[in-house]
J.: 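Sharing a structure, written as structure tokens. Questions coming.
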Amino acid sequence: MLRVLAVDDEKPLLEELLYLLRSDPRVRSAEGASDATEALRRVTRALESGPAGADGIDVVFLDIHMAGLTGLDIARLLAGFVRPPLIVFVTAHEGFAVQAFDLKAVDYVLKPVRPERLAEAVRRACEQLGRSEEASAAPAGAAEVPPAGAAAVARRPVTEVTVADRGGDQIAVELGGVTRFVAIADISYVEAQGDYARLHTDEGSHLVRIPVSTLEERWAARGFVRIHRRHLVALARIDELRLEAGTTSVRVGAAELQVSRRHARELRDLLMRQATG
């Protein structure tokens with residue numbers, strides 16, 4: 001069972017988060033901290049007492065925007081410890097997801113927090129903690145197991161992400177606890193951002209937790225092609241193909257995207273066939 005510290009400088013939100021965490025049977029204890037100083041003091045005391053100590057903390061649920069140090073700052077400081085607690089970010093802002101997972105966060109929960117979404121974050125924390133304990137108990141010479149938090153996102157199967165195709169024609173994206181359905185036909189290109197992908201449409205963009213490589217496989221039949229390790233583009237949305245000084249790029253609406261050498265010839269062939277077919 002998890003020992004949890006929740007950190008948020010807005011008292012009503014902290015109390016609601018603690019209420020939900022304490023209602024989960026997988027949570028042994030849940031305490032709150034209303035600022036970075038208090039959070040760091042509690043975590044330091046927990047680390048000094050050891051994993052089995054009375055003040056132990058397994059996972060910290062962190063807000064990002066707080067007065068003084070941000071949640072990202074706290075996570076960076078905790079990463080310097082030998083055995084830091086797991087981190088789950090809880091925030092109203094989707095724009096820090098890439099940084100969060102670079103810091104080996106177990107999950108990234110958007111506010112307002114839905115009970116079922118928080119329950120999923122608790123499940124992931126339990127799963128990751130279990131792997132870490134197995135690694136600590138492994139005998140000398142056993143195969144190396146990734147440390148706590150490492151590759152947490154990469155290990156999660158696609159079926160567990162909070163993104164899904166809906167009837168093949170739409171993709172569901174979650175923002176601030178609200179699920180929207182974006183038509184795949186409206187997506188011009190996809191940009192890789194770590195283990196996330198940003199879907200670009202004429203109206204804006206949406207950050208989703210799913211690798212670009214997975215979308216490449218799913219959407220190949222829909223005319224999406226890989227042009228670079230960072231970009232997947234809808235062929236029908238390419239307005240111009242440019243060849244300048246030995247480099248290739250495409251214009252998709254107002255965006256100009258580089259085409260890697262390994263994809264350049266295939267892309268030119270596809271566009272020629274599309275134009276003549």
J.: Among pairs that include at least one residue of residues 20-30, which meet side-chain hydrogen bond (donor to acceptor under 3.5 Å, both in side chains), considering only residues two or more places apart or in two chains?
T.: D24-R26
J.: How would you list, by chain and number, every residue that makes a side chain to side chain contact (heavy atoms under 4.5 Å, CB included) with A46, sequence neighbours excluded?
T.: I57
J.: Hey, does R230 have a side-chain heavy atom less than 4.5 Å from the side chain of L257?
T.: no
J.: Taking only residues two or more places apart in sequence or in another chain, which ones pass side chain to side chain contact (heavy atoms under 4.5 Å, CB included) with L235?
T.: V225, I238, L267, L270, L271, Q274
J.: Could you tell me whether the side chain of R226 and the main chain of R229 form a donor-acceptor pair under 3.5 Å?
T.: yes
J.: Residues in ring pair (Phe, Tyr, Trp, His ring centres under 6.0 Å) with H93, at least two apart?
T.: H65
J.: Atom CD of E191 and atom NE2 of H228: how far apart are they, to the nearest 0.5 Å?
T.: 11.0 Å
J.: Taking salt bridge (Lys or Arg N to Asp or Glu O under 4.0 Å) as the test, write out the residues that go with E240, two or more places apart.
T.: R242, R251
J.: Could you note down all residue pairs passing ring pair (Phe, Tyr, Trp, His ring centres under 6.0 Å) where residues 14-34 supplies at least one of them, sequence neighbours left out?
T.: none
J.: Treat each ILVMFWY residue as a node, draw an edge where side-chain heavy atoms are under 4.5 Å apart, and state whether I187 and V252 are in one component.
T.: no
J.: Taking C-beta and beyond as the side chain, do F89 and D63 meet within less than 4.5 Å on heavy atoms?
T.: no
J.: In Å and rounded to the nearest 0.5 Å, what is the OG1 to CE distance from T37 to M66?
T.: 9.5 Å
J.: With rounding to the nearest 0.5 angstrom, report the CD1 to CZ distance, I171 to F181.
T.: 10.5 Å
J.: Please report the C-alpha distance between V59 and V106 in whole Å, then the side-chain angles of each, then the deciding distance to 0.1 Å, and finally whether the side-chain contact (heavy atoms from CB on, under 4.5 Å) criterion is met.
T.: CA-CA 9 Å; V59 56; V106 172; 5.9 Å; no
J.: Cut-off 3.5 Å, no hydrogens considered: what does the side-chain donor-acceptor table look like for residues 259-266, sequence neighbours left out?
T.:
unit_1 : atom_1 : unit_2 : atom_2 : d
S260   : OG     : I227   : O      : 3.4
S260   : OG     : H263   : ND1    : 2.7

J.: Taking atom CD1 of I87 and atom CZ of R76, what is their separation to the nearest 0.5 Å?
T.: 12.0 Å
J.: Decide side-chain contact (heavy atoms from CB on, under 4.5 Å) for D202 and R237; before the verdict, give the C-alpha distance in whole Å, the side-chain angles of both, and the deciding distance to 0.1 Å.
T.: CA-CA 11 Å; D202 293 340; R237 293 300 192 106; 3.5 Å; yes
J.: Grab the two heavy atoms, one from V190 and one from A197, that are nearest each other, plus how far apart they are.
T.: CG1-CB, 3.7 Å
J.: Answer yes or no: is there a side-chain heavy-atom contact under 4.5 Å between D169 and I184?
T.: no
J.: Any Lys/Arg nitrogen of R124 or E127 sitting under 4.0 Å from an Asp/Glu carboxylate oxygen of the other?
T.: no
J.: Using the ring pair (Phe, Tyr, Trp, His ring centres under 6.0 Å) criterion, which residues pair with F224? Sequence neighbours excluded.
T.: W219
J.: Mark yes or no for whether T214, through its side chain, and I210, through its backbone, hold a donor-acceptor pair below 3.5 Å.
T.: no
J.: Measure the CZ-CG distance between R83 and L47 for me, rounded to the nearest 0.5 Å.
T.: 10.0 Å
J.: Between side-chain atoms of residues 4-15 and protein atoms elsewhere (two or more places apart, or another chain), which donor-acceptor pairs fall under 3.5 Å?
T.:
unit_1 : atom_1 : unit_2 : atom_2 : d
D8     : OD1    : E10    : N      : 2.9
D8     : OD2    : K111   : NZ     : 2.7
D9     : OD2    : A67    : N      : 3.1

J.: V88 versus L62: any side-chain heavy-atom pair under 4.5 Å?
T.: no
J.: Salt bridge (charged side-chain N to carboxylate O under 4.0 Å, His left out): which pairs involve residues 38-54, sequence neighbours left out?
T.: E38-R42, R45-D55
J.: Quick one: does L232's side chain get under 4.5 Å of Y189's, heavy atoms only?
T.: no
J.: Work out which heavy atom in T248 is nearest to a heavy atom in R268; give both atom names and the distance.
T.: OG1-NH1, 4.0 Å
J.: Does the side chain of E256 pick up a donor-acceptor pair with the side chain of S249 at under 3.5 Å?
T.: yes
J.: In the structure I gave you, are the side-chain heavy atoms of P115 and L20 within less than 4.5 Å of one another anywhere?
T.: yes
J.: Any idea which heavy atoms bring H200 and S205 closest together, and the distance?
T.: ND1-CB, 3.9 Å
J.: With sequence neighbours excluded, what pairs up with T70 under the side-chain hydrogen bond (donor to acceptor under 3.5 Å, both in side chains) test?
T.: D73
J.: Considering only NZ, NE, NH1 and NH2 on the basic side and carboxylate oxygens on the acidic side, decide whether D107 and R117 come within less than 4.0 Å.
T.: yes
J.: Quick one: NZ on K104 to CG on L86, what's the gap to the nearest 0.5 Å?
T.: 13.0 Å
J.: Honestly curious: do V122 and M1 fall in one hydrophobic cluster under the side-chain, below-4.5 Å linking rule?
T.: no
J.: Once side chain to side chain contact (heavy atoms under 4.5 Å, CB included) is applied, do any residues pair with E217, and if so which ones, sequence neighbours excluded?
T.: none
J.: Would you say S188 and V233 make side-chain contact, with heavy atoms under 4.5 Å?
T.: no
J.: Taking the side chain as every heavy atom from C-beta outward, state whether L103 and F101 have any pair of such atoms under 4.5 Å apart.
T.: no
J.: Run F61 and L118 through side-chain contact (heavy atoms from CB on, under 4.5 Å) and show every step you take.
T.: CA-CA 10 Å; F61 284 72; L118 187 65; 3.7 Å; yes
